Amino acid sequence: MIEKIEALFERQVSAWPMLAKGVEGLERAETRRVRIDWYEVFVRHIPHRVSSTTAAVDRDSIERRPCFLCTANLPAEEEGLKFSDDLTIYCNPFPIIDHHLTITHREHRAQRIAGNVGGMLDLAVVLPGHFVIYNGPECGASAPDHLHFQAGSRNLFPIEKDSARASGFTLPGYGRNVFVIGGRDRSAMIDQVERAIDLLAAVTAKRGEPMINIAVFHERGKWIAYLFPRGKHRPKAFQTGELTVSPAAIDLCGIFVVPFARDFEKISGADIAAIFREVTLPDEQFQEVVAALEVQR
Ligand SMILES: [Zn+2]
């Protein structure tokens, strides 16, 4: 699959100007390393992310626009690679990381993780050296109305180094609340991820899906999944116009996207740590889920 994806990128970069421009934009992107306590974040200045960072995802705006993930609305040059009967892999024309892919469902159906954890794990298996992500409909997905995942190279994947410090389900003292779930058994992985999501829904008293971002990778027969339970969508600094940032799975994994140069210059490690704390689930609720998970183990 990796060779096929490599070939897809080569074909698409020459056939599809929008992708060529995105790949070029990523090559030019400046990256700055910021240390926060014991972990590291890479702040990346990517101007072409501005429309995703500021995307209107309220119901009205979504209903008014044509869905950009539906096959019928794709640019004529865009070519996909079939992964399964349901999922097709495309090159993401607004990349944050190398080999940035969007994997979409063939049907226009809501962004929901229930029933789709297995598909995510299977994608991780055929994409060694990559991570697969899911952004919930109210926390990062710019198409909350069309089921999709993203994937990308793990060459730069700061959280992976940090997870050496994982204790049980969590990363202590991390500044962002995250569950780390690892295992070799596909159905046990699905059960654990789904159980954590159910507990989150219960603790946050949310009907339907709790706000969540997920990242997963597969290496030497083992999956590692990171679940970031969210407390809110965008930080206050976004609302006030102080910083144009809207963190989703990739940011929470440690590649923090800023579309504007002025933010790239001024944002500090302390700002990022505060944003992580602000948008992930508050400690008290997080600890409640951790306790429930540990009882159920
Ligand atoms: Zn659609």
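Atoms considered below: every heavy atom in the structure, side chains included; atoms not considered: hydrogens, waters and symmetry mates. Being a predicted model, the structure only gives us computed values, none of them experimental. In each ligand, atom 1 is the first atom listed, and ligand 1 is the first ligand listed. Here, residue 1 is the first one in the sequence, and each next residue gets the next number.
- A donor-acceptor distance shorter than 3.5 angstrom exists from the side chain of H48 to the backbone of P95, with no hydrogens or angles considered.
- A cation-pi arrangement, defined by a distance under 6.0 Å to the six-membered ring centre and an angle within 45 degrees of its axis, is present between R176 and Y39.
- For the Zn ion (ligand 1), protein N/O/S neighbours under 2.8 Å (waters excluded) are C67 SG, C70 SG, H108 ND1, H146 ND1.
- Ring geometry, H130 versus H99: the interplanar angle falls under 30°, so the pair is classed parallel (tilted spans 30 to 60°).
- Cation-pi geometry between R32 and F42 is not met: the NZ or CZ atom fails to fall both under 6.0 Å from the ring centre and inside 45° of the normal.
- With sequence neighbours excluded, the residues forming a side-chain contact (heavy atoms from CB on, under 4.5 Å) with L74 are T71, E78, Y90, listed by chain and number.
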Margin query: Test side chain to side chain donor-acceptor pair (under 3.5 Å) on H100 and Q150; report intermediate values, then the result.
Written below: CA-CA 7 Å; H100 198 151; Q150 296 177 55; 2.5 Å; yes

